[in-house]
There are 2 protein chains.
Amino acid sequence: MRGRNQQHWQGQFMGCGYRMTKPREEILGVMEKTMDHLSAEDIYLAVHKFYPNIGLTTIYRNLELLVKMELIVKFEFGQGKAKYELADQYSKKEHHHHLVCKKCSRIFDYSDFMEKEVRFLKDTEKGLSKKYDFQITKHLIQFYGYCNKCQKK
Amino acid sequence: MRGRNQQHWQGQFMGCGYRMTKPREEILGVMEKTMDHLSAEDIYLAVHKFYPNIGLTTIYRNLELLVKMELIVKFEFGQGKAKYELADQYSKKEHHHHLVCKKCSRIFDYSDFMEKEVRFLKDTEKGLSKKYDFQITKHLIQFYGYCNKCQKK
DNA sequence: TCCCTTATTGGTAATGGTTTTCATTACTAA
DNA sequence: TTAGTAATGAAAACCATTACCAATAAGGGA
């Protein structure tokens, strides 16, 4: 089950003295195939189907590594467990942010209104990093509320 | 140790069938006096000084209640523990967002560039809620990176 | 190909923030 | 005073994540 990024990933691992192992291949494979936001346990269960020997520890360890390598991104939506997505450049999805439903906990991606956002972020990051001498590496923009099904109309 | 919001809070509690108790008074008192972003444990330790019988459970329970009543706000900065601040209208601070240092974990408030932000949020929230039929109640904007002391220059 | 070194793994136990449970106490309204 | 209910504190439970450790496997060199 080789994804289209397989070659590239192999190179990334090797280049850093890491190895392309079965668990890593499966984790990335699962993430490549889904449009969802998966928790460590979700990934564990999915990988477990093809590779029943996998340990939950291995999932956590590799998720941490993959985040460090910037192949995937970790999100916290205030739901008690972290969720993971493939990094933009490896994903079928465009660059996006999230709407989080406070009732059903579903996450909705959106890629709209990005021109405005990009302008806002550019200006703000520039201003902040100068004023506070703070080197910004990442921003987080999320909206919380009630989705279509969960709002009382 | 009555804070300037005491009267108002008393009214808020009574109006909802809740009571203004000693633990609640102390928790709000601690939060009123600090400029920091306190964890449940921080608050526990601070309250414990004046009120040694306080239980950690009571802290958690009341923080949850105070969040629900919108007297305080809960933040998650990806540091494994939630932090709390007095809501804007009760706080000495202006409306603000946060810079989070990935190295030393300190949180820096900023209130700059809000005109740009307000414009961006207004437009984006309007567009999103219409397009996705999503009722937005809250937004989260945070920047991560390295503070003055932690960046390698 | 066979070693050798070192990365990697999986199971289990531990961690740590947060919640639940439950018996007790403290208000408040009648 | 009393009944009804809110609130508390201690201890136990929860649960996502991490640490530990012995066993395994991948890749480079001979």
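A quick note: this is a predicted structure, and the numbers were derived from the prediction, not measured. Here is how names work: the chains are called A, B, and so on, in the same order as the sequence lines, proteins then strands, and each is numbered from 1.
Qualifying side-chain contact (heavy atoms from CB on, under 4.5 Å) partners for Val73(A), counting only residues two or more places apart in sequence or in other chains: Phe75(A), Ala87(A). Applying the side-chain hydrogen bond (donor to acceptor under 3.5 Å, both in side chains) test to Arg19(A) and every residue at least two apart in sequence or in another chain returns nothing. For Tyr90(A), the ring-ring contact (aromatic ring centres under 6.0 Å, His included) partners are His8(A), Trp9(A), not counting sequence neighbours. Every residue was checked against the side-chain contact (heavy atoms from CB on, under 4.5 Å) condition with Lys126(B), not counting sequence neighbours, and none meets it. Scanning for side-chain contact (heavy atoms from CB on, under 4.5 Å) contacts around Ala46(B) gives Val30(B), with sequence neighbours left out. With sequence neighbours left out, Leu65(B) forms a side-chain contact (heavy atoms from CB on, under 4.5 Å) with Phe13(B), Tyr18(B), Arg24(B), Asn62(B), Lys68(B), Met69(B). Considering only residues two or more places apart in sequence or on other chains, His48(B) meets the side-chain hydrogen bond (donor to acceptor under 3.5 Å, both in side chains) condition with none of them.
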Letter by letter from the 5' end, nucleotides 20-30 of chain D scores (B base, S sugar-phosphate only, - none; protein heavy atoms under 4.0 Å) B-----BS---
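Comparing the axis of the opening five pairs of the helix from dT1(C)-dA30(D) to dA30(C)-dT1(D) with that of the closing five pairs yields an angle of 20°, rounded to 10°.
Residues Gln142(A) and His139(B) bring no donor and acceptor atom of their side chains to less than 3.5 Å of each other. Remark: the Lys102(A) side chain and the Thr137(B) side chain contain an N/O donor-acceptor pair separated by less than 3.5 Å.
Residue Tyr51(B) is classed as a sugar-phosphate contact, given heavy-atom separations below 4.0 Å to backbone atoms only. Using a 4.0 Å heavy-atom cutoff across all strands shown, Phe13(A) reaches no nucleic acid atom at all.
Taking the 5' to 3' direction, DNA chain C first and last meets chain A under 4.0 angstrom from a heavy atom at dT6(C) to dT12(C).
Shown for residues 74-85 of chain A: no residue has heavy atoms falling under 4.0 angstrom of DNA chain C.
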N/O donor-acceptor pairs under 3.5 Å from side chains in residues 104-112 of chain B, not counting sequence neighbours:
{"from": "Asp109(B)", "atom 1": "OD1", "to": "His37(B)", "atom 2": "NE2", "distance (Å)": "2.8"}
{"from": "Asp109(B)", "atom 1": "OD1", "to": "His98(B)", "atom 2": "NE2", "distance (Å)": "3.3"}
{"from": "Asp109(B)", "atom 1": "OD2", "to": "Lys93(B)", "atom 2": "NZ", "distance (Å)": "2.8"}
{"from": "Ser111(B)", "atom 1": "OG", "to": "His95(B)", "atom 2": "O", "distance (Å)": "3.2"}
{"from": "Asp112(B)", "atom 1": "OD1", "to": "Lys131(A)", "atom 2": "NZ", "distance (Å)": "2.5"}
{"from": "Asp112(B)", "atom 1": "OD2", "to": "Tyr132(A)", "atom 2": "OH", "distance (Å)": "2.5"}

